[in-house]
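Naming convention: chains lettered A, B, ... in sequence-line order (proteins, then strands); numbering from 1 in each chain.
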Number of protein chains: 2
Amino acid sequence: MKKITIYEVARESNVSLATVSRVINGSSVVKEETRKRVEEAINKLGYRPNAIAQGLALSKTTTVGLIIPSTSISFSGRVINGLCDVAKIYDYSVYLHTITEGVTDIKEIIDDVIKARVDGVIIYADKDLDDSVKLLEEYNIPMVVMCNRVSSENICSVFVDYKKAVYELCESYLQKGIEDIAILQDHRNDVVSNLMRSGAEEAFRKFGKEYKGYIEVSKDNRSTYKFLKSYFKNHKHQVFVANRDSQALAALNASTGHGIKVPEDMELICMNESKYTSSVRPEISSYVVPTYDLGAISMRLMTKMLKDEQVEEKEKCLNAIYSPKATTKD
Amino acid sequence: MKKITIYEVARESNVSLATVSRVINGSSVVKEETRKRVEEAINKLGYRPNAIAQGLALSKTTTVGLIIPSTSISFSGRVINGLCDVAKIYDYSVYLHTITEGVTDIKEIIDDVIKARVDGVIIYADKDLDDSVKLLEEYNIPMVVMCNRVSSENICSVFVDYKKAVYELCESYLQKGIEDIAILQDHRNDVVSNLMRSGAEEAFRKFGKEYKGYIEVSKDNRSTYKFLKSYFKNHKHQVFVANRDSQALAALNASTGHGIKVPEDMELICMNESKYTSSVRPEISSYVVPTYDLGAISMRLMTKMLKDEQVEEKEKCLNAIYSPKATTKD
DNA sequence: ACTGATTATGAAAATGTTTTCAATGATTAT
DNA sequence: ATAATCATTGAAAACATTTTCATAATCAGT
């Protein structure tokens, strides 16, 4: 089982390498008759171009590196779906790297994508960006940052405006005179949490008040439920906002356990809709976050940068759409 | 900003390419003093080897292709985590391809991984394997198949034994004289559903009975809930088994809506534990499926094949661990 | 001081493409 | 018929490595 290279195709069809290469790449200059002959040879021999050799000759790989925290994969796997779908359309391949917090050395990952000579890097950064990422900037590699607002020559960013969402949410309650709004925060000091904070604070400031309704919990689901279970024994809130769907579920179960009815006694709102927030009863009012789009748009931006198309907006802000549930019935 | 190649390093450190190459690859023959000189030059110039050129020269890329249905990413994202973690340990990179049912042409994906000259392919196949996958076999590319039992020269497989799980589950109820066991099946005729079926049927056959407790529902969560809502109006079951967590949640909500208490009136069992089955109350008895291991083991097998280590077991069968919840209280 | 063995290095070929430039053959206009 | 243009093709360099084979340098043993 010998390897079939462009040489074998050339010999088989009695032309030079150059011509075969032209046929592969759809160059228009080659005569119809020769093209046919070459194509037949290609099929007959089952030849497939070697992307590695192409990469070397062209100094580009039509490959983009994706760097994403492992937690985010289970949390928002559709990001990857959107990203890959668009990549496929534009004939790019995806080189995947996951970051496991406390384990992975980001430097190694950066080293690896540079070694691999990816044409660009898309990075999902729900934390502050590591300094080492700036290495990529020095390398002049086109970058798209998801979930973080970054601006620079070679960097685009795509993010969800949680700040605005929470701002408007708080504003609408404050207008109705409701100011007992609790916001659940997990310890991880992530971008979304910060945005939610500043949204709430801004809204309250507008009404001349200071916001301080944070409830801090740990990342772990079991302990979150335990905590809330005892929390709701002595606490009541008119409005309760959670970031992740599992936290909202925990809140729902913990509160109803104490006879607090959602939404009559307490409005429960989740910042990230999922199949779970909608399959539970009562349904949990949630923000639908366009995670698929987040990935898709990021990759589209990347292809624009790589093909030197005009990038009108270097910062793309997506909105989370509020989908309130009015009743416990359906 | 000139590109730094091995040539520049060679010049800077006054040695030949060959020597620099040896230093990069940790060859033992180079003199300590020269090694130092070369390493200094590498650091000074910020040189990173070009994996593409290496790939060409060595005819291997230390890269494995991962082919996975997009739905499986959100369903079992931890597969990817396990896979990537192990890949990192063995210095392999992951080339990601997603399959969107009805959209993606598998042939194109196969073409692409062949073009990319990945050293091996890991494919998550919860459906029957497409014929085109056999192309890979002809190409003699080492493969690991997840979720499907396949045997062949160059193919290993790693799967979860849902059949055994359901068999034992049914058996234990039948021994107690309980035979009213309903199994929810979504339309997609996938491997897991089939395994569950044959597990149930085998158990019933052992007791001289024929199993026919399937309930067919659509894939869509909303309509599943709707369906179950009206289903539980007129139906009762002692045991109710669902495959996916969202289906179990829907079943829980729909049944309690009609005053059916879990687990007193009906045992509810989910074949795939998730943070949702455990954060809901009453907790849903579930099988903990080692998804992380599924990925990790697959990749480990792959590295063994690629490094020509001995592969003792070409088929690795993982067990789903039953975690029954005895009470509605906690 | 010389031989043989050993260690360290370099020259050059090989990996599989693309692309530039030159050359050839065909076609058109004069 | 001839020059000029145009369409098609091929030779060879370039891409950045690894590796084989040969050679140079060192060293030990006589």
(message) Please determine whether a side-chain nitrogen or oxygen atom of B:Thr34 lies at a distance below 4.0 Å from atom OP1 or OP2 of C:dT9.
(response) yes

(message) OP1 or OP2 of D:dT18 versus the side-chain N and O atoms of B:Asn25: is any pair under 4.0 Å?
(response) yes

(message) Output the rounded distance in Å from CD (B:Gln54) to P (C:dG16).
(response) 16 Å

(message) What is the separation between atom CD1 on A:Ile6 and atom C1' on C:dT18, rounded to the nearest whole Å?
(response) 8 Å

(request) Provide the closest heavy-atom pair for B:Ser13 versus B:Ala41 in the form atom of the first, atom of the second, distance. (result) CB-CB, 3.9 Å

(request) Round to the nearest Å and state the distance from B:Lys60 atom NZ to D:dT18 atom P. (result) 11 Å

(message) Using whole Å, what does the distance between atom P of nucleotide C:dT17 and atom CZ of A:Arg48 come to?
(response) 13 Å

(message) Between B:Leu17 and B:Leu56, which residue's closest nucleotide on DNA chain C lies nearer the 5′ terminus?
(response) B:Leu17

(request) Any strand is fair game: report the nucleotide pairing with D:dG29 by Watson-Crick or G-U wobble, both distances under 3.5 Å, or none. (result) C:dC2

(request) Decide yes or no, distance alone: a donor-acceptor N/O pair under 3.5 angstrom between the base of C:dG16 and the side-chain of B:Arg117. (result) no

(request) Find the distance B:Asn14:CG to C:dA8:C1' and express it as a whole number of Å. (result) 16 Å

(request) Can you tell me the distance, in whole Å, between the CZ atom of B:Arg11 and the C1' atom of C:dG10? (result) 16 Å

(request) Would you kindly compare B:Lys31 and B:Ala53 by the position of their nearest DNA chain C nucleotide and give the one closer to the 5′ end? (result) B:Lys31

(request) Taking only the side-chain nitrogens and oxygens of A:Thr5, find out if one of them lies under 4.0 Å from OP1 or OP2 of C:dG16. (result) no

(request) Could you tell me the separation between the CE atom of B:Met143 and the OG atom of B:Ser298, rounded to the nearest 0.5 Å? (result) 11.5 Å

(request) Identify which one of A:Glu309, A:Glu312, A:Glu313 satisfies the salt bridge (Lys or Arg N to Asp or Glu O under 4.0 Å) criterion when paired with A:Lys304. (result) A:Glu312

(request) For the side chain of A:Asn50, starting at C-beta, report the closest nucleotide among D:dT9, C:dA11, C:dG16. (result) C:dG16

(message) I need the CG-P distance between B:Leu58 and C:dA13, as an integer number of Å.
(response) 19 Å

(request) Give a yes/no on whether any side-chain N or O of B:Ser21 is located under 4.0 angstrom from OP1 or OP2 of D:dT18. (result) yes

(request) Let me know the distance between CZ of A:Arg22 and P of D:dA11, rounded to the nearest Å. (result) 11 Å

(request) Please report the shortest heavy-atom distance between A:Met305 and A:Ile155, naming the atom on each side. (result) CE-N, 4.1 Å

(request) Compare the minimum distances between each of D:dC15, C:dG10, C:dT18 and the side chain of A:Ser59, then state the nucleotide with the smallest one. (result) D:dC15

(message) Please determine whether a side-chain nitrogen or oxygen atom of B:Thr19 lies at a distance below 4.0 Å from atom OP1 or OP2 of C:dG10.
(response) yes

(message) Does this structure show an ion pair linking A:Arg35 with A:Glu32, if we count only N-O contacts that are shorter than 4.0 Å?
(response) yes

(message) Whether A:Tyr47 contacts C:dT17 is assessed here as follows: a side-chain N or O lying under 4.0 Å from the phosphate OP1 or OP2. Is that the case?
(response) yes

